[in-house]
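These values consider heavy atoms only, across backbone and side chains, with no hydrogens, waters or symmetry-generated copies. We name chains A, B, ... by the order of the sequence lines, and we start the count at 1 in each one.
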Protein chains: 2
Amino acid sequence: MEAMNDRVLVVDDEKDVRDLIRLNLRAAGFDVLEASTGAEGLAIAKHDLPSVIILDLMLPEMNGVEVCRALRRNPATSRIPVLMLTAKSTEDDKVEGFECGADDYVTKPFSPRELILRVRAVARRQPDQGVAKPSPVRSGSIQLDRGAMTATILGKKLVLTTTEFRLLELFVRRVGNIQSREVLLSEVWGYQANLDTRTVDTHVRRLRNKLGKVGAMIETVRGSGYRLNAEGP
Amino acid sequence: MEAMNDRVLVVDDEKDVRDLIRLNLRAAGFDVLEASTGAEGLAIAKHDLPSVIILDLMLPEMNGVEVCRALRRNPATSRIPVLMLTAKSTEDDKVEGFECGADDYVTKPFSPRELILRVRAVARRQPDQGVAKPSPVRSGSIQLDRGAMTATILGKKLVLTTTEFRLLELFVRRVGNIQSREVLLSEVWGYQANLDTRTVDTHVRRLRNKLGKVGAMIETVRGSGYRLNAEGP
DNA sequence: TCCCAAAGTGACATTCTCGTGACAAAATCC
DNA sequence: GGATTTTGTCACGAGAATGTCACTTTGGGA
């Protein structure tokens, strides 16, 4: 089982650049999210709250500076470090990049090694005590705290294993939607997991047991998979 | 009453460079301290706890990397952002600079405007560092004094080693959040750390022992890392 | 009502993870 | 320079987490 990785969102319209960055970040132990437009990047940022955002300055429609400003305006995303990426290297661009609230600035062509180092340097800045924490994910009577990896049910703190937490997190993030065993396997266990789909059943059972009464919110959809019911028990 | 300015320490053996930086920083509203050797820089850093340190990589006797390591090693100065400055610009130098714990890297010749921006960016990451007396960090029954490098548990003063103190400091600063062994290694030991992740375990154990009953507040999260529990024992 | 595929359940072996004590190297202190 | 402290690594063992399986129960269509 792999430790919980930092997630990095890469926003760039060029697929080649995204591929290059993704490969290097993966190799360095990061999880990678991708977006090809500013709007998409914003949406993913709000939804997934990555640890770092790598943002291309030159984007069609909504450019990097606008995206960065939008991120800074939203309390949920305002603290996420932004690493600005651009082909230009004139001083004015750097100034603009910094002034919109970017935390660092890398010019293309960049060396992957340097990029990783800068991402790490910027990711190191984790929320300390007193700094606003990303709002906990919640659904009905279930509340999740990713940083602490804790689940609170009806005000009571639960002890979950890593797998159980990931499973529950996925259900909560996709409340009301059916998740097939295959999807659960690939999302919770990883793409190359070569496991029996019935393994999911066992973990769902364990999770239900720990959730007690609330466990009934995880419904079985015969022939399709499982679904977290939006309504509380 | 005007707020006190951020203080920046400039360590460089060339007077011309110091002058240039000083003038620009002053104009940008910073207070400037200066040192011409690494040893002097270290002394001033410990004494005055500046908000940011600009450090020349090439110094006679003690070079910038050594100074940076020494800064990171001392709990009183370990959190001060370091901006590494050098005439060289090969990738290997950047890597070395980052790996000793520098927060950013600027190559000579630099544009003053960019330097100021980077200083600001880097100073922004440490909102409360330096200016006032280093506020004692505390969480529940644990209280830390960075300056004196002492920990007080339930009113009793503890003697900790440097490593133990920094480890505890990190836990306290991030109460309730899981810290992976990798994060702990890179934050406490510096991210050139070429150490076995299990080394963390050993130090956590030593720390727990010294903390006695309170040691139980440092929880093990199987498969993920350690977490300081917000609730007291 | 019967049938049977799908899902629930308990048990078990295996794999991992972590705590611990010991030890040698390195750093620090007199 | 010798003594002491600090530090990093290792091997071992206990116990937790996980994946699989055989068996039972369930539920919906024929």
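Mapping B:T199 and A:T199 onto DNA chain D via the closest heavy atom, the residue that lands nearer the 5' end is B:T199.
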Enumerate the protein-to-nucleotides 3-7 of chain D contacts in which both atoms are nitrogen or oxygen and the separation is below 3.5 Å.
{"residue": "D:dT7", "atom": "OP1", "partner": "B:T163", "partner atom": "N", "Å": "3.4"}
{"residue": "D:dT7", "atom": "OP1", "partner": "B:T163", "partner atom": "OG1", "Å": "2.6"}
{"residue": "D:dT7", "atom": "OP2", "partner": "B:T161", "partner atom": "OG1", "Å": "2.6"}

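The shortest distance between the side-chain N/O atoms of A:Y226 and the OP1/OP2 oxygens of C:dA6 is not below 4.0 Å. The side chain of A:R181 places no N or O atom within less than 4.0 Å of a non-bridging phosphate oxygen (OP1 or OP2) of C:dA6. Contact annotation: A:R208 side-chain N/O to C:dT9 OP1/OP2 distance is not under 4.0 Å.
With sequence neighbours excluded, the residues that form a side-chain contact (heavy atoms from CB on, under 4.5 Å) with A:T152 are A:Q143. In this structure A:R205 satisfies the side-chain contact (heavy atoms from CB on, under 4.5 Å) test together with A:T202, A:N209, sequence neighbours excluded. Not counting sequence neighbours, the partners of A:R227 by the side-chain contact (heavy atoms from CB on, under 4.5 Å) test are A:I178, A:E219, A:V221.
For the salt bridge (charged side-chain N to carboxylate O under 4.0 Å, His left out) with B:D201, the lone residue among B:R181, B:R206, B:R208 that qualifies is B:R181.
Contact check on A:E187 versus A:R174 returns a salt bridge, with a Lys/Arg side-chain nitrogen under 4.0 Å from an Asp/Glu carboxylate oxygen.
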Please tabulate, for the side chains in residues 154-161 of chain B, all donor-acceptor contacts under 3.5 angstrom to protein atoms that are two or more places apart in sequence or on a different chain.
{"residue": "B:T161", "atom": "OG1", "partner": "B:E164", "partner atom": "N", "Å": "3.3"}
{"residue": "B:T161", "atom": "OG1", "partner": "B:E164", "partner atom": "OE1", "Å": "3.4"}

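As a whole-Å value, the separation of B:Q179 CD from C:dC18 P is 15 Å. Separating the CG atom of B:D201 from the C1' atom of D:dG8 is a distance of 12 Å, rounded to the nearest angstrom. When the P atom of C:dG19 is taken as reference, atom CG of B:L211 falls 14 Å away, rounded to whole Å.
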What does nucleotides 21-30 of chain D look like as a protein-contact string, B for base, S for sugar-phosphate only, - for none, at under 4.0 angstrom between heavy atoms? B----BB---

